[in-house]
**Student:** 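Attaching a single structure in structure tokens format; questions to follow.
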Amino acid sequence: MKAQPYTEFETLTMQQNLKIMRQRIEELGITEAMVQRQGSTGIRIELPGVQDPSLAKRVIGATASLAFHEVSTSSNPVSTLRIKDEHGQFVTLVKKPVLTGEHIVNARVGFDQMKRPEVDISLDHAGGKKMSDFSSTHIGKPMATVYREYGVNARGETERSEKVISVATIQSQLGSQFRITGSGNLEEAQQLALLLRAGSLTAPVTIVEERTIGASLGAENIQNGFAALALGMGLTLTFMALWYRRLGWVANVALILNMSCLLGLIALVPGAVLTLPGIAGLVLTVGMAVDTNVLIFERIRDKLAEGRSFAQAIDQALTPLWRQSWMPISRP
């Protein structure tokens with residue numbers, strides 16, 4: 001049985017990951033997405049209308065984050081760490097970061113004077129103060145930007161990769177807004193800015209199962225819908241014909257004409273697509289089209305049972321309904 005502190009930590013971690021995933025989906029511009037917890041450690045995500053699932057998976061499941069470290073000249077392994085840069089060279093950094101990605105409130109892609117992509121970063125108040133205090137005492141010294149990301153290796157294990165994407169000399173005191181370079185091409189810079197805006201996942205995630213619902217499944221649902229429509233209409237026509245005989249055949253002809261006119265009008269509308277809700281509406285139309293007939297036919301049968309002729313039964317069955325529909329509204 002899990003201890004109470006561990007359970008609370010697991011719940012908070014899951015809530016934070018759900019929040020960040022929703023933010024990332026909003027950044028991607030995906031509407032009507034569903035993100036909900038499934039079980040104790042699972043998250044279920046449904047993305048209707050996504051044209052590029054691979055991009056969505058890279059962005060939603062990425063655990064990328066930035067950290068800013070002071071470049072160190074010491075080789076003490078206790079207080080320093082060595083990370084490779086983009087050229088494969090090791091850079092020695094102070095282990096404790098100056099600033100982490102949790103203080104980033106906004107990140108946008110821009111271009112420097114050489115038209116190379118860069119990421120413009122805005123910090124919150126606490127982050128801006130930390131950066132200002134550090135840069136004011138380290139003017140003329142280098143500061144490195146470290147990019148960290150969690151991924152899954154060939155054995156299915158989660159591992160962390162990190163690299164130094166830029167090493168810049170602090171020229172002046174920095175504040176809550178500054179820019180970083182070395183984030184790659186424009187697409188990589190845009191993806192990094194998106195991840196920084198949406199935040200970093202509290203815990204790494206792994207895609208366990210992926211399902212794609214395409215046109216084939218949609219066609220199958222449409223086919224089943226038409227089968228339900230045909231079955232419902234067939235049962236209705238059979239019941240009306242067997243139970244009400246001549247009157248039922250009249251109702252059946254009217255129902256068939258009604259459905260033919262309705263489908264014809266749908267076919268005339270340019271670009272009209274008959275979806276599952278539309279088929280459900282047609283099924284409902286079949287049922288509602290005969291409900292009034294059933295009431296009238298039952299009244300006619302009652303009048304026939306009283307000894308009225310067929311014409312008199314029809315007249316006396318319809319007269320109360322006609323008078324009721326035209327009954328004047330009494331005013332006080």
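Residue numbers run from 1 in the order of the sequence given. Predicted model, so just to flag it, every value in this text is computed and none were measured.
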**Student:** Please identify which of these residues, Leu81, Ile83, Asp85, meets the side chain to side chain contact (heavy atoms under 4.5 Å, CB included) condition with Val91.
**Tutor:**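 Going through Leu81, Ile83, Asp85 one by one, the side chain to side chain contact (heavy atoms under 4.5 Å, CB included) with Val91 is satisfied by Asp85 alone.
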**Student:** Can you tell me how far CD of Gln173 sits from CZ of Phe134, rounded to the nearest 0.5 angstrom?
**Tutor:**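 So the gap between those two atoms works out to 12.5 Å.
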**Student:** Roughly how far, to the nearest 0.5 Å, is CZ of Arg82 from CZ of Phe90?
**Tutor:**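 Reported to 0.5 Å precision, the distance equals 5.5 Å.
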**Student:** Take atom NZ of Lys95 as the centre, draw a 6.0 Å sphere, and report whether it contains more than 12 heavy atoms from other residues, nucleotides or ligands.
**Tutor:**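 Yes.
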**Student:** Do Leu262 and Ile256 belong together in a cluster built from hydrophobic side chains that touch within less than 4.5 Å?
**Tutor:**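 In one cluster: yes.
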**Student:** Got Met143 and Lys141 here, is their nearest side-chain heavy-atom distance under 4.5 Å?
**Tutor:**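 In short, these two side chains do not touch, never coming nearer than 4.5 Å.
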**Student:** Find the distance between NZ (Lys129) and OG (Ser176) and round it off to the nearest 0.5 Å.
**Tutor:**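 Between Lys129 NZ and Ser176 OG, I get 13.0 Å after rounding to 0.5 Å.
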**Student:** Ser135 side chain to Leu174 main-chain N or O, any donor-acceptor pair under 3.5 Å?
**Tutor:**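 Flag set: sc Ser135 to bb Leu174 pair under 3.5 Å.
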**Student:** Quick one: does Val250's side chain get under 4.5 Å of Tyr244's, heavy atoms only?
**Tutor:**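 No - every pair of side-chain heavy atoms lies 4.5 Å or more apart.
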**Student:** Using side-chain heavy atoms (C-beta onward) and a distance below 4.5 Å, is Lys163 in contact with Lys84?
**Tutor:**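 The answer is no; the side chains never approach within 4.5 Å.
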**Student:** Please report, to 0.1 Å, the donor-acceptor pairs under 3.5 Å made by any side chain of residues 66-73, with sequence neighbours excluded.
**Tutor:**
unit_1	atom_1	unit_2	atom_2	d
His69	ND1	Val94	O	2.8
His69	NE2	Arg148	NH2	3.4
Ser72	OG	Ser74	N	3.0

**Student:** About how many Å separate CG of Leu265 and CG of Leu263, when rounded to the nearest 0.5 Å?
**Tutor:**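 The CG atom of Leu263 sits 9.0 Å away from the CG atom of Leu265.
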**Student:** Extract all donor-acceptor atom pairs below 3.5 Å that involve side chains of residues 227-237 and protein atoms in other chains or at least two apart in sequence.
**Tutor:**
unit_1	atom_1	unit_2	atom_2	d
Thr236	OG1	Gly232	O	2.8

**Student:** Once you round to the nearest 0.5 Å, how far does CD of Glu118 lie from CZ of Phe111?
**Tutor:**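 Reported value, rounded in 0.5 Å steps: 9.0 Å.
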**Student:** Could you report the tightest heavy-atom contact between Gly127 and His103, atom names first, then the distance?
**Tutor:**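 In terms of heavy atoms, the two residues are closest at N-ND1, 3.6 Å.
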**Student:** Any link between Tyr147 and Leu123 through a network of hydrophobic side chains (Ile, Leu, Val, Met, Phe, Trp, Tyr) touching at under 4.5 Å?
**Tutor:**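 Shared cluster, yes.
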**Student:** Would you kindly confirm whether Phe226 and Ile266 end up in one hydrophobic cluster when ILVMFWY residues are joined by side chain heavy atoms under 4.5 Å apart?
**Tutor:**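 Yes, Phe226 connects to Ile266 through the hydrophobic network.
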**Student:** With a cut-off of 6.0 Å (strictly less than), are more than 12 heavy atoms of other residues, nucleotides or ligands near CZ of Arg245?
**Tutor:**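 Check fails, neighbour count at 12 or below.
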**Student:** I'd like to check Thr145 versus Val164 (side-chain heavy atoms, cut-off strictly below 4.5 Å). Are they in contact?
**Tutor:**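 With C-beta onward as the side chain, the pair stays apart.
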**Student:** For the residue pair Asp120 and Gly110, what are the closest heavy atoms and their distance?
**Tutor:**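 Of all heavy-atom pairs spanning Asp120 and Gly110, the closest is OD2-CA, 4.0 Å.
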**Student:** Indicate the atoms forming the closest heavy-atom contact of Ala144 with Val167, along with that distance.
**Tutor:**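 Minimum heavy-atom contact is CB-CG2, 4.0 Å.
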**Student:** For the atom pair CG (Leu99) and CE (Met131), what is the distance rounded to the nearest 0.5 Å?
**Tutor:**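 Rounded to the nearest 0.5 Å, the CG-CE separation comes to 4.5 Å.
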**Student:** Test of understanding: clusters of I, L, V, M, F, W, Y form through side-chain heavy atoms closer than 4.5 Å, transitively. Do Ile170 and Val146 belong to the same one?
**Tutor:**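 No, Ile170 and Val146 fall in different hydrophobic clusters.
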**Student:** If Ile, Leu, Val, Met, Phe, Trp and Tyr residues are connected whenever their side-chain heavy atoms lie under 4.5 Å apart, and connections chain through other members, are Leu93 and Val98 in the same group?
**Tutor:**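 No, it is not one cluster - the side chains of Leu93 and Val98 are not joined through contacts under 4.5 Å.
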